[in-house]
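When reading the values below, keep in mind they use all heavy atoms of this one structure, side chains included, and skip hydrogens, waters and symmetry mates.
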Amino acid sequence: MVERYLLHRAGKQSIQPCDRAALRRLLSVLCEAGTIAPAVLPPLTPHERIFEAFGHYLQAERGLAAKSIVHHLPFIRRFLHEICPRGATYLGRINQPAITRYIERHAGDWSADSGKAMCWALRSFLRYLHYQGLNPLALAGGVPSVRRWKLASLPTYLSAVQVRAVLDG
């Protein structure tokens, strides 16, 4: 029933993190009251185990708030599905050229601010991999930056006609 509700809600508007949290709380109350049976969760996939461990690391070791962690995970999920499609056994094979190619491919997929957030999340994830011994290389320092200059959308020059229009105005 919850899955049906979320599918219906997703068709009407975007699902917010608080929606899932509220539903989890409702289900736990119903379960504690004996109204429904406890859910039998499927085993975690290798990628889900990585996300869970990384989320715990961000909270316990880095002190990030839950909202910040939720913001990181979609970037990491996309990265892992593309770079390590076979799961955790390939984490040690991630290398600098693969990271650079990934960022070059996807930096323009969103706004400049989102590109910066993607790079920030990747740096954090790569630090985690090295810290946990899952990748022997310290790759975080090699993540290129996505630049976002203020006023970059302004034209670099005005034509003579445009200057005349400004002066006449």
Distance (rounded to the nearest 0.5 Å) between [X] [atom1] and [Y] [atom2]:
X	Y	atom1	atom2	value
R101	E82	CZ	CD	10.0 Å
N95	I83	CG	CD1	8.5 Å
L91	I50	CG	CD1	4.5 Å
L26	I36	CG	CD1	7.5 Å
M118	R123	CE	CZ	9.5 Å
R93	C84	CZ	SG	9.5 Å

Please name the pair of heavy atoms, one in [X] and one in [Y], separated by the smallest distance, quoted to 0.1 Å.
X	Y	answer
L73	F51	CD2-O, 4.2 Å
A140	R127	CB-CG, 3.6 Å
A117	H71	CB-NE2, 3.7 Å
C31	P38	SG-CA, 3.6 Å

Legend entry - Under 3.5 Å donor-acceptor, N135 side chain and H130 backbone: no
Inset, instruction - Say whether, by atom type as modelled, one donor and one acceptor occur between the side chain of S124 and the main chain of W120 under 3.5 angstrom. - result: no
Under 4.5 Å between any side-chain heavy atoms of [X] and [Y], yes or no?
X	Y	answer
V166	Q162	no
R78	D109	yes
F54	I69	no
F79	I94	yes
Q59	L64	no

Inset, instruction - Kindly indicate, with the supporting measurements, whether the criterion side-chain contact (heavy atoms from CB on, under 4.5 Å) is fulfilled by S68 and L58. - result: CA-CA 9 Å; S68 297; L58 289 175; over 6 Å; no
Legend entry - Whether over 12 other heavy atoms sit under 6.0 Å from E52 CD: no
Legend entry - R49 CZ: over 12 foreign heavy atoms closer than 6.0 Å: yes
Legend entry - Pair L139-V143, side-chain contact (heavy atoms from CB on, under 4.5 Å): steps then yes or no: CA-CA 7 Å; L139 298 167; V143 174; over 6 Å; no
Inset, instruction - Could you go through the side-chain contact (heavy atoms from CB on, under 4.5 Å) check for L27 and E32 one step at a time? - result: CA-CA 9 Å; L27 291 174; E32 288 171 9; over 6 Å; no
Is [Y] reachable from [X] through a run of I, L, V, M, F, W or Y residues, each pair having side-chain heavy atoms under 4.5 Å apart?
X	Y	value
I99	L137	yes
L23	L30	yes
Y90	L134	no

Legend entry - Close aromatic pair by centroid cut-off 6.0 Å: F75 and F125: no
Legend entry - Polar contact flag, side-chain donor to acceptor under 3.5 angstrom, E61-H56: no
